[in-house]
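Have a look at the structure below, then the notes.
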Amino acid sequence: MKLHEFQAKELFAKYSIPVQKGTVIENPQQLDGLSLHFPLVLKAQVLVGGRGKAGGIKLAKTPAEAKQHARAILGMQIKGETVKRLLVAEAAEIGAEYYLAFIVDRGAGRLVAIASAAGGIDIENVARTAPEKIAKVALDPFLGFQSFHARGLGGQIGLGGALLTDFVKIAAALYHLCTTEDAELVEINPLAVVGDRLLAIDAKVIIDDNAVFRHPDLPKNEELTELEQLARASGLSYVELDGEIAIIGNGAGLVMSTLDVVAHFGGRPANFLDVGGGATEENMAQAIDIVARKPGVRALFVNIFGGITRCDDIARGITASPPPVQMVVRLTGTNEEEGRKILQAAGIHAYLDPEEAAQRVVSLVRGR
Ligand code: GDP
Ligand code: MN
């Protein structure tokens with residue numbers, strides 16, 4: 001379970017990790033009642049990273065500027081999530097930006113502490129392009145995280161003097177938070193030098209789902225995306241992935257094999273939706289609307305094996321809700337002929353062979 005930045009920072013404060021003074025608002029008018037010193041930083045509270053790059057983080061020197069930014073960010077979409085809350089904090093004057101995290105390394109079966117002097121940017125990129133800039137230590141579960149580990153990591157990323165002392169304290173506190181709250185990830189990026197101290201500018205905490213029940217005091221966040229919630233409300237089972245081909249099928253087995261066959265031909269599924277048995281024209285139309293709305297979808301693959309589900313209903317659903325992206329349809333089974341005729345009349349070819357159809361949709365997104 002992911003925590004929002006403001007929730008993670010409440011935990012940080014509880015564990016004595018220094019954070020900026022701030023508060024959460026839901027509308028621009030709430031800025032008026034705040035007793036915070038300018039300049040302020042306004043931060044979109046969504047459960048996705050890279051908010052800065054997406055325009056979800058803005059500095060404001062005056063109340064007018066703060067209002068203007070608040071109006072712009074609230075309601076904005078970041079990677080498919082609508083911004084409903086803003087963290088408003090006293091902006092820090094940032095010197096250098098470091099990175100510090102504890103993460104469960106499933107391969108090693110251990111917690112790993114990670115630190116870097118290349119903070120503030122996407123750590124996965126640093127790991128790829130300049131792995132020498134990342135200091136790591138895998139922790140023995142019986143020994144845990146000791147201050148010599150912290151001093152070693154801090155030294156490796158170039159910290160000394162009072163900053164190193166600060167780093168050791170913060171790292172110990174973050175480790176304590178991680179293990180006490182059953183987190184699988186705790187991350188500070190950036191951990192910034194402000195004056196002669198270190199300050200957690202950002203906060204990311206993911207609680208192990210299997211341990212959430214042990215922490216009744218933690219906030220309960222809805223893990224589903226907006227599209228997943230919409231699908232659930234319509235009784236459709238829908239799951240998001242991160243590729244570019246949207247997939248609709250009928251029946252869990254067919255949908256799973258469709259994912260496999262798309263992957264086999266080198267395609268990357270963006271999501272998948274199972275319209276289930278006996279899907280109506282309306283179900284199908286709604287399914288197309290949901291899968292195609294996900295940002296990053298470049299093509300749609302509809303794979304239907306009619307049984308209780310009738311191909312003519314499916315075809316009517318497709319023509320009622322033509323997707324905004326290119327589509328490949330494979331249709332066979334009950335009322336196949338009628339279904340094909342309906343599609344043909346709308347200029348849509350229906351494939352019989354799922355492999356041929358999968359190859360076609362993969363070649364569409366690859367531009368071949
Ligand atoms: P993320 O983009 O979702 O990781 O959000 P962050 O909280 O990490 O903010 C992104 C970037 O915005 C940081 O790396 C900083 O460069 C900048 N930023 C955030 N808060 C402040 C602040 O209080 N003062 C200044 N000067 N910059 C900030
Ligand atoms: Mn960050």
Side-chain angles (χ1 to χ4, degrees), residues 2-13 17-25 31 34-63 65-66 68-70 72-74 76-103 114-128 130 133-134 157 166 170-171 174 177-178 183 185-206 221 225 242 295:
K2 287 183 188 167
L3 299 189
H4 282 287
E5 178 193 6
F6 76 93
Q7 297 164 335
K9 282 184 169 171
E10 278 166 21
L11 272 185
F12 277 18
I17 298 168
V19 293
Q20 291 142 287
K21 194 175 164 203
T23 185
V24 176
I25 63 167
L31 282 168
L34 303 184
S35 57
L36 294 172
H37 292 290
F38 281 83
L40 299 179
V41 60
L42 288 85
K43 311 181 78 177
Q45 297 299 289
V46 283
L47 296 171
V48 293
R51 296 165 301 161
K53 270 193 210 138
I57 295 184
K58 295 281 182 212
L59 292 169
K61 290 197 200 75
T62 63
E65 224 183 319
Q68 193 187 331
H69 288 318
I73 303 174
L74 282 165
M76 183 175 156
Q77 291 273 327
I78 299 183
K79 298 183 186 170
E81 250 193 87
T82 307
V83 181
K84 298 193 185 105
R85 283 178 291 210
L86 277 186
L87 173 61
V88 184
E90 293 184 351
E93 213 169 296
I94 296 178
E97 298 189 325
Y98 292 87
Y99 176 96
L100 174 64
F102 290 88
I103 182 166
I114 302 172
S116 176
I121 46 176
D122 185 6
I123 197 72
E124 283 87 359
N125 266 340
V126 180
R128 217 172 304 122
K133 286 189 184 154
I134 293 180
I157 62 171
D166 238 21
I170 291 172
L174 192 62
L177 187 162
C178 183
L185 170 80
V186 289
E187 181 188 83
I188 309 178
N189 188 25
L191 175 62
V193 177
V194 179
D196 56 357
R197 303 297 303 269
L198 288 173
L199 187 69
I201 295 290
D202 195 3
K204 184 168 174 184
V205 171
I206 304 177
N221 289 334
T225 66
D242 57 8

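Each ligand, and each atom within it, is numbered from 1 in the order the structure gives.
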Discussion item. For Asp122, give me all partners under side chain to side chain donor-acceptor pair (under 3.5 Å), at least two apart in sequence or on another chain.
Written reply: none
Worksheet item: What's the spacing between His69 NE2 and Leu74 CG if we round to 0.5 Å?
Response: 12.5 Å
Practice prompt. Check the pair Glu97, Asn189 against side-chain hydrogen bond (donor to acceptor under 3.5 Å, both in side chains), reporting the backbone distance first and the verdict last.
Written response: CA-CA 8 Å; Glu97 298 189 325; Asn189 188 25; over 6 Å; no
Worksheet item: Heavy atoms, side chains only, cut-off 4.5 Å: are Leu87 and Lys9 in contact?
Response: yes
Practice prompt. Calculate, to the nearest 0.5 Å, the distance between atoms CD1 and OG belonging to Ile157 and Ser116 respectively.
Written response: 7.0 Å
Worksheet item: What protein N, O or S atoms come within a distance below 2.8 Å of the Mn ion (ligand 2), ordered by chain and number?
Response: Asn189 O, Asp202 OD2
Worksheet item: Considering only heavy atoms from C-beta outward, does the side chain of Val193 approach that of Ile94 to under 4.5 Å?
Response: no
Worksheet entry | Any residue meeting salt bridge (charged side-chain N to carboxylate O under 4.0 Å, His left out) with Arg51, in chain and number order, not counting sequence neighbours | Glu5, Asp202
Worksheet item: Looking at side-chain heavy atoms only, is the closest gap between Ile188 and Phe12 below 4.5 Å?
Response: yes
Fill in: Among Val41, Leu40, Leu42, side chain to side chain contact (heavy atoms under 4.5 Å, CB included) partner for Leu59
Val41
Discussion item. Can you list every protein residue that has a heavy atom under 4.0 Å from any atom of ligand 1, sorted by chain and residue number?
Written reply: Gln20, Val41, Lys43, Gly50, Arg51, Gly52, Ile57, Leu59, Ala91, Ala92, Ile94, Glu97, Gly120, Asn189, Pro190, Ile201, Asp202
